[in-house]
Amino acid sequence: MIEGNLKELIVEALVRAKEAGKLKYSQLPEIILERPAEKSYGDITTTVAMTLASQERKPPRVIADIILKHMSPTPSWIERWEIAGPGFINFYLSPSFWHNQLLFVLNRGDRFGSSDYGKGMRIQVEFVSANPTGPLHVGHGRNAAVGDVLARILTFSGYQVEKEFYINDFGNQIELLGQSVWSRYMELNGKPVPFPENGYHGDYVYDIAREIIARKGSEFVEKDPAEVLPFFAEFASQVMLERIKADLEAFRVTFDSWFSEKSLYQNGSVAQVLETLKSKGFIYEQEGALWFRSTQFGDDKDRVVIRSDGRPTYLASDIAYHQNKLQRGFSKLINVWGADHGGYVPRVKGIIKALGYPEDILSVVLIQLVRLMREGVEVKISKRSGKLILLSDLVEEVGVDAARFFFTMRRTDSHLDFDLELAKSQSKDNPVYYVQYVHARICSLFREAKKLSIALPSPQEVDLNRLNSEEELSLIKELYHFPKVVIESALFLEPHRITFYLQNLASIFHSYYNKYRFISEDLTLTGARLTLAKGVQIVLKNALDLLGVSAPEVM
RNA sequence: GCGCCUGUAGCUCAGUUGGAUAGAGCGCCGGACUUCGAAUCCGUAGGCCGCAGGUUCGAGCCCUGCCAGGCGCGCCA
């Protein structure tokens, strides 16, 4: 990266200036290079002169001038520099530098934007983890999209990523599902029993009951409920889990592992970890229950792990689960949760610390609510089921591409208004189509060129000096910026940076496309512009891949 | 009452971890297709960045206090 070279140049200048007695700083300041707010301010800017101002007791612009006077002879990739505003030093890079960057994009191809930033780091992303007690709804959809896109971004950034789904296949919820299905089963067999309070009312509960009748007939009707309920619970949760898997797969989301909560009880790890924490003094007994001393880690109150009747709470398995994750040796854990679970963050961080690990090994990405909007009004309830809108319904209506794009279009910590009509519309208003259209357009361009027997020139023969307009250089600069966007998305766990980048790139391209013609009688110019189009196509495809959104050749 | 998140143009949102004149899309108004895809582009207008203090060369961003909305505050998950 060019930034490294530039930093060295500035550091050398600072050192020389100090040796010459022009500057007196005691410690070399950190050189921060950034992209200027406006194009006219150059390609790279530094604020170093301003940060030095107070300790040098000189105006920033004077310091900037001293620094520049001590710079070594201008390297060829710098066209010029200037002092601007309160004391920025702006660097303008030469066109040939940018032309080389374009060749670099083509050379890297589908690897352009990838890095070894996370090299040697194993990172786990746990997401969705919906209870297998009902189908996925749109809230899970946003979680699934964000988690999956994060995993893709991290993978592209060199991390070794494992995607995991934690299955809550133990405890109250599952029992309640079993009872609900059993009740429907009895009802369908003409022997109605009271439906459990807080039971699951969805149609899918009937579906499962019918499935059991189809497979097993009515053999359970006369049996003792206590004897058959475990079967109902087990069967129902299996069916739901299969359905969840199918919905996710249709949403282009797959997992490397499916971790069973129940297994933590079966292999004794819950009991074992509670014993460990007890010996460390983090677990105590009170009022007949066992408590986790989470207040020691910033939680509001201590939390029960084993109830006075001896049944564990979900927190018990969460402790064992996170111990298990930690023991698997990940350098970083990411939990993607709904915002309604925000209150659990302190206690899970507490678990991490109590187990003797640094708390920042875990990052929790909280996803705020999704509001589905149709023509300006919120859609709360599905007409078909009378319940929450299902992910599968949404996908059926707007398609996977639009759903994934929209779900990752906002920062995770802000609410998302999902405009259904917009997501379906085939116009520039719809950002998905707007972006995909660029890809299709470029593909169309190459089809047209082929028709005219014009081939994309090789990097050796292309004359990129023909790309000298401001728009062409801007386009290349935008491509050049892509790897940085990927790394920042990975670093801050912010997928929306990719969607915004795509929209911006698409806008610059469309604008260019309307102003200039790619194919003309000037064959060297045509070759150069086709090379530019190829670069845009590559970056577009790579970025869309990160979102799990298709890059269509025709639309 | 306490905790977390949010508050930026009429609407939906960005804002490069504290930098230059706060940006984009939609909507409004006005323009551009006999030429590579008009599913596109160009232009105009629109702002006490919730309010009030503070920190410093500099604050939409950091600190404090208010106001408003969302979510959470169980021996439920």
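Lettering follows sequence order; numbering is per chain, from 1.
Residue A:Ser425 is out of contact with every strand shown, counting any heavy-atom pair closer than 4.0 Å.
Between A:Lys301 and B:rG74 there is a side-chain N or O to OP1 or OP2 distance below 4.0 Å. Between A:Ser414 and B:rG70, a side-chain N or O to OP1/OP2 separation shorter than 4.0 Å is absent. The side chain of A:Arg411 contributes an N or O atom lying less than 4.0 Å from OP1 or OP2 of B:rU6. In terms of phosphate contacts, A:His341 brings no side-chain nitrogen or oxygen within less than 4.0 Å of OP1 or OP2 of B:rC5. Close to B:rA14, at under 4.0 Å from its OP1 or OP2, lies no side-chain N or O of A:Arg497. Contact annotation: A:Tyr434 side-chain N/O to B:rC41 OP1/OP2 distance is under 4.0 Å.
With hydrogens and angles disregarded, no donor-acceptor distance shorter than 3.5 Å links the side chain of A:Gln296 to the backbone of A:Arg293. A donor-acceptor pair is defined here as one N or O able to donate and one able to accept, closer than 3.5 Å; such a pair exists between the side chain of A:Asn430 and the backbone of A:Ala423.
Taking the side chain of A:Asp429 as heavy atoms from C-beta on, and the options B:rC75, B:rG70, B:rC26, the nearest nucleotide is B:rC26. Listed candidates were B:rC76, B:rU12, B:rG19. Nearest to the side chain of A:Asp417 is B:rU12. Candidate nucleotides B:rG70, B:rC13, B:rA20 were compared by shortest atom distance to the side chain of A:Leu369, and B:rG70 ranks first. Checking B:rC13, B:rG74, B:rC76 against the side-chain heavy atoms of A:Arg410 singles out B:rC13 as nearest.
In this model, a donor atom of one side chain and an acceptor atom of the other lie less than 3.5 Å apart for A:Ser363 and A:Lys332.
B:rG74 sits 39 Å from B:rC49 when the P atoms are compared, rounded to a whole Å. Straight-line distance between the P atoms of B:rA9 and B:rC61: roughly 15 Å, to the nearest whole Å. Nucleotides B:rG46 and B:rU12 have their C1' atoms positioned 16 Å apart, rounded to a whole Å.
A centroid separation of less than 6.0 Å is found between the aromatic rings of A:Tyr321 and A:Phe259.
The partner of B:rG60 cannot be assigned: no Watson-Crick or G-U wobble pair with both contacts below 3.5 Å exists in any strand. Pair assignment for B:rC48 gives none, since no Watson-Crick or G-U wobble pairing has each distance under 3.5 Å.
Atom NZ of A:Lys39 is separated from atom P of B:rG23 by 13 Å (rounded to the nearest Å). For the pair A:Leu502 CG and B:rG25 C1', the computed distance is 15 Å after rounding to whole Å.
For A:Phe88 and B:rA20, the ring-to-base geometry satisfies the stacking test (centroid distance below 5.5 Å, interplanar angle below 30°).
Comparing A:Gly288 and A:Thr51 along RNA chain B, the residue whose closest nucleotide (by nearest heavy atom) sits nearer the 5' end is A:Thr51.
Residues from residues 504-515 of chain A lying near RNA chain B, meaning a heavy-atom separation below 4.0 Å, are A:His510, A:Ser511, A:Tyr513, A:Asn514 in numerical order.
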